[in-house]
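So the structure is just underneath, and the comments pick up after that.
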Amino acid sequence: MRSGIRRESDRWGHDLLPSSLAPKTHHHHVSIALPSQTAVVLYGPKDLRVEERTVWPPSQGYAQVAVKSTGLCGSDQHYYTHGRNGDFAVRQPLVLGHEAAGIVTARVAIEAGIMCRNCDFCKKGRYNLCKSMRFCSSASVYPHNDGTLQSRMNHPAHVLHPLLLLELAALAEPLSVLIHASRRANLQSGQSVLVFGVEHGASRVVAVDINQARLDFALENGFAQQTYCVSAGDRAKTSDDQLRRAKETASTALDAFGQKEGFDVVFECTGAEACIQMSIHAAITGGKVTLIGMGSRNVLLPLSTAALREVDIHGSFRYANTYPTPSPSCHRQATECRQARHTSLPLRDASSAFELVGRGVDENGGLVLKVMVEA
């Protein structure tokens, strides 16, 4: 499909046609035929539209990727449901998706962040903190950087990583998040690990969640050695009541795990305020809490408990220098996970895919662990 394109501005005042393709004089009208591609665009909460968009030639240093598979992330689900993810609010139409794989002339995993490569953070290897970072499907910068729920996209070649198995390439992004978090926590062999949100793996891991089906899956597939399901309960009426409940629930879970003194490392993957509060009480004296999930914008924390017990609280934001890392064992676990509880839907059914993520179960009531959108 081809379309005639002219230089014009969209309703947000952005120039739609690169100056290199614009008419050179005012004396002649120039029309350039360029191919189009399909994109799934978010306009507001639960307002997802399938559009045909022009495919521009890639700039120098970029490659054009035929996107084949995109996994739906929790942040994508927040944008779809609420029009925002934490502090990042959608201010213009945005293509979602960043857990992606596609084809250039080889199978590649698409690293979603585009860093400047010149600032101090980039030069120190901590490019996930780059102030000029443009991350696919994130509203953290304006204009937004479109994500991978489209059939073709131009992306810098230096953040495209060849992989052998295309069906696993889209899982490299969430795996990178976990590798980076493990590095931030300086995870050591033999340490005890507690995970809020069933999203990690280590030598001895126990998991806490509000979803028993997810806990059962983690237990059955060797991702956790023991689990504990927390009942949602009623919302606390006061801050003191909220902190008291968090401490009591954490204590009950530690008793169930036979780890009364707490865990060496706690990974908080939910972003839920109650779980963040519990994580501080669940860490051993002198232990660590690593915050991975993004959810509540502002959180009430028992900081005096953390300070008096010297519990270190680490933030873990996205990832850096992780894509070449995944080992054969990681690929094996990812394969087992994908085969067991994954669902694939075509690009034009992206709205149904997001609704399925929100439900967490298929039409037969079966657990859905991951939803992939295939182009």
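Scope of the values below: all heavy atoms of this structure, side chains included, with no hydrogens, waters or symmetry mates.
Screening residues 227-251 for ring-ring contact (aromatic ring centres under 6.0 Å, His included) gives no qualifying pairs among residues at least two apart or on separate chains. The ring-ring contact (aromatic ring centres under 6.0 Å, His included) contacts involving residues 241-266 comprise F257-F263, where partners must be two or more places apart or lie in separate chains. Every pair tested for salt bridge (charged side-chain N to carboxylate O under 4.0 Å, His left out) that includes a residue from residues 121-130 fails, sequence neighbours excluded, so the list is empty. Note on residues 351-361: pairs passing side chain to side chain donor-acceptor pair (under 3.5 Å), not counting sequence neighbours, are Y80-E355.
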For residues 265-275, run the donor-acceptor check on the side chains, cut-off 3.5 Å, and write out each pair with its distance to 0.1 Å, sequence neighbours left out.
| from | atom 1 | to | atom 2 | distance (Å) |
| --- | --- | --- | --- | --- |
| E268 | OE1 | T270 | N | 3.4 |
| E268 | OE1 | G271 | N | 2.9 |
| E268 | OE2 | T270 | N | 3.0 |
| E268 | OE2 | T270 | OG1 | 2.5 |
| T270 | OG1 | A272 | N | 3.0 |
| E273 | OE1 | Q242 | NE2 | 2.8 |
| E273 | OE2 | L300 | N | 2.8 |

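At a threshold of 4.5 Å between non-hydrogen side-chain atoms, the residues T227 and D209 do not count as touching. Using a 4.5 Å cut-off on side-chain heavy atoms (C-beta onward), Y127 and V159 make no contact. A heavy-atom distance below 4.5 Å is not found between the side chains of T305 and K247. A heavy-atom distance below 4.5 Å is found between the side chains of H155 and C136. Residues K288 and D264 form no side-chain contact, since every pair of their non-hydrogen atoms from C-beta on lies 4.5 Å or further apart. By the 4.5 Å heavy-atom criterion applied to side chains, V40 and L96 are not counted as neighbours. Counting heavy atoms from C-beta outward, L94 and V41 have side chains that stay 4.5 Å or more apart. When side chains are defined from C-beta on, L42 does not count as touching L149, because their heavy atoms never get closer than 4.5 Å.
Follow the hydrophobic side-chain contacts under 4.5 Å out from L347 and you reach V50 in the same cluster. Neither L301 nor L243 shares a network with the other; the hydrophobic side chains, linked directly or stepwise wherever heavy atoms of I, L, V, M, F, W or Y lie under 4.5 Å apart, form separate groups for each.
A donor-acceptor contact shorter than 3.5 Å is absent between the side chain of Q259 and the backbone of I284. With hydrogens and angles ignored, the 3.5 Å screen pairs no side-chain donor or acceptor of N364 with any backbone N or O of G366.
Within 6.0 Å of the CZ atom in R348, the count of heavy atoms belonging to other residues, nucleotides or ligands does not exceed 12. Residue-environment remark: CG (D87) exceeds the threshold of 12 foreign heavy atoms within 6.0 Å.
The two atoms that bring A172 and A109 nearest to each other are CB-CB, 4.2 Å, heavy atoms only. When all heavy atoms are compared, the tightest approach of N186 to Q188 is OD1-NE2, 2.7 Å. What you find for A100 and T70 is that their closest heavy atoms are CB-OG1, 3.9 Å. Y79 approaches S137 most closely through the heavy-atom pair CE1-O, 3.2 Å. Taking each heavy atom of M153 and T148 in turn, the nearest pair found is SD-CG2, 3.6 Å. Here the closest heavy-atom approach between residue A224 and residue L219 is recorded as O-CD1, 3.4 Å.
Atoms CD and CZ, from E111 and R318 in turn, are 11.0 Å apart once rounded to the nearest 0.5 Å. One finds the CZ atom of R152 at 9.5 Å from the CD1 atom of I103 (value rounded to the nearest 0.5 Å). Rounded to the nearest 0.5 Å, atoms OG (S75) and CE (M294) are 8.0 Å apart. Considering CG of L129 and CE of M115, their distance stands at 11.5 Å, rounded to 0.5 Å. If you take CG on L187 and CG on L178, they are separated by 11.5 Å, rounding to the nearest 0.5 Å. The OG atom of S69 sits 9.5 Å away from atom CD1 of I110, with the distance rounded to the nearest 0.5 Å.
I114 belongs to a hydrophobic cluster with Y62, counting contacts under 4.5 Å between side-chain heavy atoms of Ile, Leu, Val, Met, Phe, Trp and Tyr, direct or through other members.
In this model, no donor atom of one side chain and acceptor atom of the other lie less than 3.5 Å apart for T38 and E51.
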query: Where do R244 and D240 land on the salt bridge (charged side-chain N to carboxylate O under 4.0 Å, His left out) test, with the steps shown first?
result: CA-CA 6 Å; R244 179 187 56 77; D240 287 342; over 6 Å; no

- request: With side-chain hydrogen bond (donor to acceptor under 3.5 Å, both in side chains) as the test, would you mind laying out the steps for T322 and H180 before giving the verdict?
  value: CA-CA 7 Å; T322 55; H180 181 70; over 6 Å; no

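Scanning for side chain to side chain contact (heavy atoms under 4.5 Å, CB included) contacts around C119 gives C116, F121, C122, C130, with sequence neighbours left out. Partners of S279 by side chain to side chain donor-acceptor pair (under 3.5 Å), not counting sequence neighbours: none found. In this view, H78 and H82, N85 satisfy the side chain to side chain contact (heavy atoms under 4.5 Å, CB included) rule, not counting sequence neighbours. When the side chain to side chain donor-acceptor pair (under 3.5 Å) test is applied to Y319, the partners found at least two apart in sequence or on another chain are E173. Legend: residues meeting side chain to side chain donor-acceptor pair (under 3.5 Å) with Q212, ordered by chain and number and at least two apart, are D216. In this structure S304 satisfies the side chain to side chain contact (heavy atoms under 4.5 Å, CB included) test with no other residue, sequence neighbours excluded.
For the side chain to side chain contact (heavy atoms under 4.5 Å, CB included) criterion with S251, the lone passing option out of T249, D255, L254 is D255.
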